[in-house]
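Step one of this worksheet: look at the structure below.
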Amino acid sequence: MLFLGLDLSSQGLKAIVLKDDLSVESEFSVNFDGDLPAYGTKGGALFGENGSARSPTIMFVEAIDKLLHGLVAIGVNLAEVGALSASGQQHGSVYWGSGSAEKLKQLNPELELAPQLGNCFSVKESPIWMDASTANYCAALEAAAGGAANLASETGSKAFRRFTASQIWKIMDRDPAAFAETERVSLISAFVVSVFLQNYAPEDSSDASGTNLIDLRSDPPQWSTKMLAIVSPKLREKLCAAPVDSFVLLGNIGEYFQRRYGFSSSCRLVAGAGDNPCSAAGMLMRENVDLCVSLGTSDTAFMLSSTATPRADVGSVYRNPLKRLSYMPMVVYTNGSLTRESARDYDGKARSWNEFEDLVNSVPKGNNGIVGFYLPRPEIAPETNGDVNRYFDESGKSVEESDLSLGSRCRAALEMRALAIRYHTTCLGMSKPVRIVATGGGSSSPSMIQVLADVLQCPVYVSPTVNSASLGAAYRAFHAVQCEAAEEGFVDFSASISSKKDIESDRVLEASPDSRSKATYDSLYSNYIRCERLVLEDQLG
């Protein structure tokens with residue numbers, strides 16, 4: 001039996017095929033810009049005024065056509081696929097027009113998907129996670145909910161511009177006719193599964209947590225009655241009845257895919273999930289043990305946690321995709337690798353990353369008590385408007401940047417990120433991690449990895465997994481089949497995967513904490529908290 005995982009990300013659609021022993025048989029991908037150039041996207045998106053970012057929905061459909069042809073062309077026997085699931089870029093939404101459910105059921109296997117579904121979408125361009133055009137709707141959402149803190153307590157997050165509730169509200173306000181014509185609103189992960197199911201698929205609880213519409217602690221998962229009423233009294237009828245657990249089997253693959261591509265009629269479809277939850281599955285994270293730190297264009301820190309404390313001032317809390325009534329607190333930082341690059345080349349001289357490492361190591365751990373806040377772009381945590389360039393000494397007094405060496409600035413950029421992660425994950429109720437699993441381009445920096453180990457005082461492992469979201473979707477497909485077969489209807493995810501493979505074998509220990517630096521970083525951490533408050537006070541004027 002094979003297990004197929006799909007990931008509809010910002011830039012393309014990827015597939016990974018796992019054998020029964022969970023080793024990789026095949027991979028294939030479709031790049032939106034390169035393989036589907038007629039849509040004119042850049043990085044998979046069309047950008048407009050006021051921070052608008054959308055993707056043509058029919059492009060997603062055509063990518064499915066192209067991907068399936070590609071899998072067949074490289075020799076994948078789709079008849080052997082026993083279960084399929086999907087990952088989708090979180091927060092993005094698809095608007096199915098009136099009559100689309102019937103069109104899905106009546107797909108003609110003699111034709112491609114795109115020509116048959118071209119008129120199925122009441123909103124032709126799906127708002128995606130990069131969209132920042134909904135500030136007014138976020139403010140209205142928070143006001144109606146009784147404030148950002150109340151909204152976070154109810155749904156796991158304050159109102160973010162990329163979240164689905166504000167996107168729906170904008171469409172309802174700007175294009176009421178399109179909203180009236182909408183038969184179903186699907187998150188992107190559920191949209192992909194809907195196509196293969198040939199019927200509307202429900203959202204899973206982890207992806208639904210990125211909407212500002214879920215009742216975070218409901219059991220079983222439910223939409224928030226309060227939030228649905230705030231956005232629109234008609235919204236409930238346009239959503240699935242309720243989100244489902246991420247390991248739920250939804251049915252068998254549609255007849256169209258059996259006849260056109262040779263899938264077996266017994267191929268099961270598993271609820272889709274967001275890309276971050278699927279990445280947690282792909283990296284085989286363990287609850288209350290692993291803290292994932294992704295270091296890329298943006299930086300992300302998240303953990304699977306038995307407890308969580310949603311807050312309005314930092315991060316978000318999602319449902320854990322691998323276990324009922326468990327959570328996935330997450331902090332996202334917009335100032336990632338480009339910020340570190342900017343610190344490296346501060347004086348206008350282009351340097352290599354090896355030179356950056358030398359600069360960092362020219363300054364002692366703890367940076368002689370200096371805490372830096374170098375946030376050239378608007379930041380999510382701490383929430384700033386950009387162009388922040390502040391440094392403080394160990395007493396909390398401002399230090400002129402011109403008084404710092406280049407090495408001190410570079411070390412400050414790394415220590416800022418590690419200190420922020422330690423503080424903000426604590427704020428969200430995450431326990432102290434047993435280990436850190438680092439991924440992304442920044443995980444190749446020995447200095448960054450060592451700073452993380454020292455500041456959080458735990459070992460850092462680097463995950464070599466590249467396509468963690470599609471891999472996670474395939475793992476989740478396998479897990480759901482195991483759950484269905486279990487007498488209790490559930491099997492621990494790690495136990496399920498480890499029955500087939502060594503879940504520790506792919507991780508490499510890259511840095512161990514230096515116990516001699518603990519006191520130094522504990523002191524710097526206390527100063528960081530104090531100085532972050534000063535930066536926030538500055539932002540408030």
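Since the structure is predicted, the reported quantities are computational estimates derived from the model, not experimental observations.
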Side-chain donor/acceptor of Lys226 to backbone N/O of Ala145, under 3.5 Å: yes

Side-chain heavy atoms of Leu322 within contact of Ser246, under 4.5 Å: no

Test your reading of the model: is there a side-chain donor-acceptor pair from Asp204 to the backbone of Asp207, 3.5 Å cut-off? yes

Is there a donor-acceptor contact under 3.5 Å linking the side chains of Ser87 and Asp7? yes

Answer yes or no: is there an ion pair linking Glu504 with Arg435, defined by an N-O contact shorter than 4.0 Å? yes

Please find the pair of heavy atoms, one from Pro321 and one from Ser206, that lie closest to each other, and give the distance. CB-OG, 3.7 Å

Would you please test His91 and Phe160 for ring-ring contact (aromatic ring centres under 6.0 Å, His included) and show each step? CA-CA 10 Å; His91 317 301; Phe160 286 108; 8.2 Å; no

Hey, does Leu524 have a side-chain heavy atom less than 4.5 Å from the side chain of Val371? yes

Closest contact, heavy atoms only, Ser186 versus Glu203: CA-OE2, 3.3 Å

Determine yes or no for a side-chain-to-main-chain donor-acceptor pair under 3.5 angstrom, with Ser305 supplying the side chain and Ala308 the backbone. no

Could Asp514 and Arg516 be called an ion pair, given the rule that one side-chain N must be under 4.0 Å from one carboxylate O? yes

For residues Phe373 and Tyr528, establish whether the separation of their ring centroids is below 6.0 Å. yes

If the threshold is 4.0 Å, N to carboxylate O, is there a salt bridge linking Arg324 and Asp219? no

Set of side chain to side chain donor-acceptor pair (under 3.5 Å) partners for Arg533, sequence neighbours left out: none

Ile168 side chain reached by Leu213 side chain, heavy atoms, under 4.5 Å: yes

Can you tell me if Tyr521 and Gln457 form a side-chain donor-acceptor pair at under 3.5 Å? no

Any donor-acceptor N/O pair, Glu415 side chain to Gly366 backbone, under 3.5 Å: yes

Between Pro310 and Leu216, what is the shortest heavy-atom contact and its length? CG-CD2, 3.8 Å

Under the side-chain contact (heavy atoms from CB on, under 4.5 Å) criterion, do Ser194 and Trp96 qualify, and how do the steps go? CA-CA 11 Å; Ser194 296; Trp96 297 93; 4.1 Å; yes

Indicate yes or no: at least one non-hydrogen side-chain atom of Thr439 is less than 4.5 angstrom from one of Cys292. yes

Check the pair Tyr374, Arg417 against side-chain contact (heavy atoms from CB on, under 4.5 Å), reporting the backbone distance first and the verdict last. CA-CA 10 Å; Tyr374 183 45; Arg417 177 55 62 242; over 6 Å; no

Could you go through the side-chain contact (heavy atoms from CB on, under 4.5 Å) check for Lys365 and Arg411 one step at a time? CA-CA 8 Å; Lys365 294 182 179 184; Arg411 178 167 281 279; 4.2 Å; yes

Mind checking the CG-CG spacing from Leu2 to Leu4? Nearest 0.5 Å is all I need. 8.5 Å

Can Ser93 and Gln167 be counted as having a side-chain donor-acceptor contact under 3.5 angstrom? no

Could you verify whether a donor N or O on one side chain and an acceptor N or O on the other, from Thr164 and Thr211, lie under 3.5 Å apart? no

Heavy-atom nearest pair, Gln450 first then Ala511, reads OE1-CB, 3.6 Å

Evaluate Tyr327 against Arg319 for side-chain contact (heavy atoms from CB on, under 4.5 Å), listing each step before the verdict. CA-CA 4 Å; Tyr327 304 97; Arg319 296 280 283 249; 4.2 Å; yes

Just do the salt bridge (Lys or Arg N to Asp or Glu O under 4.0 Å) check on Asp313 and Arg311 with the steps written out, would you? CA-CA 6 Å; Asp313 58 341; Arg311 291 176 56 136; 2.7 Å; yes

Find out whether Asp245 and Pro221 are in side-chain contact, i.e. whether some heavy atom of one side chain is under 4.5 Å from a heavy atom of the other. yes

Exercise: do Tyr475 and Lys500 side chains pair donor with acceptor under 3.5 Å: no

Those residues that, when tested against Glu379, pass side chain to side chain donor-acceptor pair (under 3.5 Å) (two or more places apart): Thr334, Asn335

Side chains of Ser157 and Ser316: any donor to acceptor distance under 3.5 Å? yes

In the structure I gave you, are the side-chain heavy atoms of Leu250 and Pro202 within less than 4.5 Å of one another anywhere? yes

Value for CG (Leu534) from CZ (Arg390), rounded to nearest 0.5 Å, stands at 7.0 Å

Charged N to carboxylate O below 4.0 Å: is that the case for Asp290 and Arg507? yes

Output yes when a side-chain donor or acceptor of Asn467 lies under 3.5 Å from a complementary backbone atom of Ser470, and no otherwise. no

Any donor-acceptor N or O pair under 3.5 Å, side chains Thr134, Trp169: no

